[in-house]
2 protein chains.
Amino acid sequence: MSIETVSEQRCFGGIQGTYRHTSTATRGEMTFAVYQPPAVAERACPVLYYLAGLTCTPETFTIKAGAQRVAAELGLVLVAPDTSPRSTGIEGITDAYDFGEGAGFYLDATQAPYAERFNMYSYIVDELPGIVAANFPVDTARTGIFGHSMGGHGALTIALRNPQRYRSVSAFAPIVAPSQVPWGEKALPKYLGEDRAAWATYDTVSLIREGRRVDGTILVDQGEADQFLAEQLRPELLEDACAEAGQPLELRRHPGYDHSYWFIQTFVEDHLRHHAGVLG
Amino acid sequence: MSIETVSEQRCFGGIQGTYRHTSTATRGEMTFAVYQPPAVAERACPVLYYLAGLTCTPETFTIKAGAQRVAAELGLVLVAPDTSPRSTGIEGITDAYDFGEGAGFYLDATQAPYAERFNMYSYIVDELPGIVAANFPVDTARTGIFGHSMGGHGALTIALRNPQRYRSVSAFAPIVAPSQVPWGEKALPKYLGEDRAAWATYDTVSLIREGRRVDGTILVDQGEADQFLAEQLRPELLEDACAEAGQPLELRRHPGYDHSYWFIQTFVEDHLRHHAGVLG
């Protein structure tokens, strides 16, 4: 449970920090970022996990999303994990932007040589919350999760599989059906093998069609000028699955916005208010 | 006056763009960033120049300061130039973080081999405003300037030397007396020679002591945990000069804040409101 402080800096009256620890789930050193709002001086605060997309690190959201201002106001602790284990030494593991390091897809791999270290699902769901609870003044009964693109996929699948643990969920431009789009069709067989039943456990649309639900409304923002919209993201598949299942979904489509953090920063305040409204 | 669009992306209802052009002042290609708020669709807007510090590029403020949200609300165009000419090919010009490329100090060099291309003062004051006016819907009669560290030095000296042109000025953790601190004592003789009278034309404290003034109040924010506070920044020199000269100054000292953009993003809204209050 011990962590090393890489840096801590004052921001909006709170503390933006970067921390390192040795992970049992991913069998190596992991880095994560935490923003503590000023309110932690007085009470344990709700905690909101942000899962980032392909190629990202804990710095991406932390630097580019502009979320600290709102988290300071609302009294939310923000946790930004990495997107995969690092320095795995697996041959070719950094060659592609959409598979391997920086592209862990928030699953537990079952296939060699990835199964030993690519266990981001267990890291995010089981290991990191314990690390955070042991080292920061968070009220773990009030935990939410959100993310972007591959991280939106991570947030949605994790919330659907653990609805008691994550009381609020939202996503920016999520991959909602990896089993049906090129990013998933490339990564899932490598990490999980050819059995599509295994893929379905990490597929938002499949999970909803199987009967998984979250309490409350899923908030999703999607830019209509997103370069990955038609081929990789396909929010209409989520819309159809939620409609048929009776899962409340607020899907907002924004003309002119792309897949970038310029889009995320524009709407991040709405997401934090969505989570704070549930988490209190 | 022609510019090339590198990228344009929707952000807070406006457009965040990056542009490239060939500069006559610096005799090479320069890149700059512009944020256009939604209000430009209806009217020419006030324009606010941000000068960045040592090592920075047009991306630094644009990505890290979180200023677009407030600029969108207030109807301000934000312009973030580079901090020096690039790819100058001068021997050793990228070896140090505090001299040469990325460290132009917003002056016109007089010494070989720097004089040919290191003319950031002329670039910022004379050339870039023409480029901006020709390509963006700005009301140049309503121009303000601010900056950070070396860029705070740039903003203050440029405003003091051109008070009719820049109607509002502010700075984060500025270098206020380069003639008296190590960063300036290293860079100024290389760019300007050994004559300290030449240095004084690019020294905020010297300019104020010589009788230069700006209309209205200079807003300065300074973190008290800034690692450069005592040796390089010395805001008390500005405080003393302004007090003796009767130049209005609002110097705010913030316990716990350092020299980073975590500090800047915390107070950037106050700066934009300061400028908008003057520029209308």
Side-chain angles (χ1 to χ4, degrees), chain A residues 6-18 33-38 41 56-57 59-73 78 80 172-173 221-227 229 252-272, chain B residues 6-18 33-38 41 56-57 59-73 78 172-173 221-227 229 252-273:
Chain A
V6 179
S7 65
E8 289 192 330
Q9 292 170 272
R10 186 72 55 94
C11 183
F12 287 102
I15 298 168
Q16 180 62 57
T18 303
V34 176
Y35 178 70
Q36 299 179 64
C56 293
T57 73
E59 279 199 325
T60 315
F61 170 80
T62 302
I63 291 177
K64 294 184 170 181
Q68 291 87 352
R69 178 185 61 88
V70 190
E73 180 198 327
L78 301 176
F172 298 98
D221 279 315
Q222 176 63 58
E224 292 191 336
D226 188 320
Q227 56 270 46
L229 178 57
R252 312 191 304 181
R253 297 170 188 265
H254 303 282
Y257 286 89
D258 68 10
H259 200 63
S260 71
Y261 276 77
W262 305 117
F263 158 63
I264 292 175
Q265 71 174 253
T266 302
F267 299 105
V268 76
E269 178 166 354
D270 294 348
H271 284 247
L272 267 60
Chain B
V6 178
S7 65
E8 289 192 330
Q9 292 170 272
R10 186 72 57 95
C11 183
F12 287 102
I15 298 167
Q16 180 62 57
T18 302
V34 176
Y35 178 70
Q36 300 178 66
C56 293
T57 73
E59 279 198 327
T60 315
F61 170 80
T62 302
I63 290 177
K64 294 184 170 181
Q68 290 88 349
R69 178 186 62 87
V70 190
E73 179 197 329
L78 301 176
F172 299 97
D221 279 315
Q222 176 63 58
E224 291 191 336
D226 189 320
Q227 57 270 47
L229 179 57
R252 312 191 303 183
R253 298 171 188 265
H254 303 283
Y257 286 89
D258 68 10
H259 199 64
S260 71
Y261 276 77
W262 305 116
F263 158 63
I264 292 175
Q265 70 174 252
T266 302
F267 299 105
V268 76
E269 179 165 354
D270 294 347
H271 284 247
L272 266 60
R273 292 192 186 283

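Below, chains carry the letters A, B, ... as their sequence lines are ordered, and counting in each starts from 1.
- With sequence neighbours excluded, the residues forming a side-chain hydrogen bond (donor to acceptor under 3.5 Å, both in side chains) with Glu8(B) are Tyr19(B), listed by chain and number.
- For Gln16(A), the part sitting under 4.5 Å from any heavy atom of chain B is the side chain, from C-beta outward, and nothing else.
- Residues Phe61(A) and Cys56(A) fail the side-chain proximity criterion, which asks for heavy atoms closer than 4.5 Å.
- Of all residues in residues 64-73 of chain A, those placing a non-hydrogen atom less than 4.5 angstrom from a non-hydrogen atom of chain B are Lys64(A), Gln68(A), Arg69(A).
- Residue Tyr257(B) touches chain A through both its backbone and its side chain, counting heavy-atom pairs closer than 4.5 Å.
- No side-chain heavy atom of Tyr261(B) sits less than 4.5 Å from a side-chain heavy atom of Ile63(A).
- The closest side-chain heavy-atom distance from Thr266(A) to His254(A) is not below 4.5 Å.
- Taking chain B as the reference chain and counting heavy-atom pairs below 4.5 Å, the highest number among Ile264(A), Asp258(A), Ile15(A) is found for Asp258(A).
- Two residues are said to be in side-chain contact when any heavy atoms from C-beta on lie closer than 4.5 Å; Phe172(B) and His271(B) meet this criterion.
- Between Trp262(B) and Arg10(A), every side-chain heavy-atom pair lies at or beyond the 4.5 Å cut-off.
- The neighbour count for Glu59(A) CD, taken as heavy atoms of other residues, nucleotides or ligands under 6.0 Å away, does not exceed 12.
- In this structure, chain B has heavy atoms under 4.5 Å from both the backbone and the side chain of Thr62(A).
- Contact of Phe12(A) with chain B is made through backbone and side chain together, with heavy-atom distances under 4.5 Å.
- Salt-bridge formation is not detected for the pair Arg253(A)/Asp221(A): no Lys NZ or Arg NE/NH1/NH2 atom is positioned less than 4.0 Å from an Asp or Glu carboxylate oxygen.
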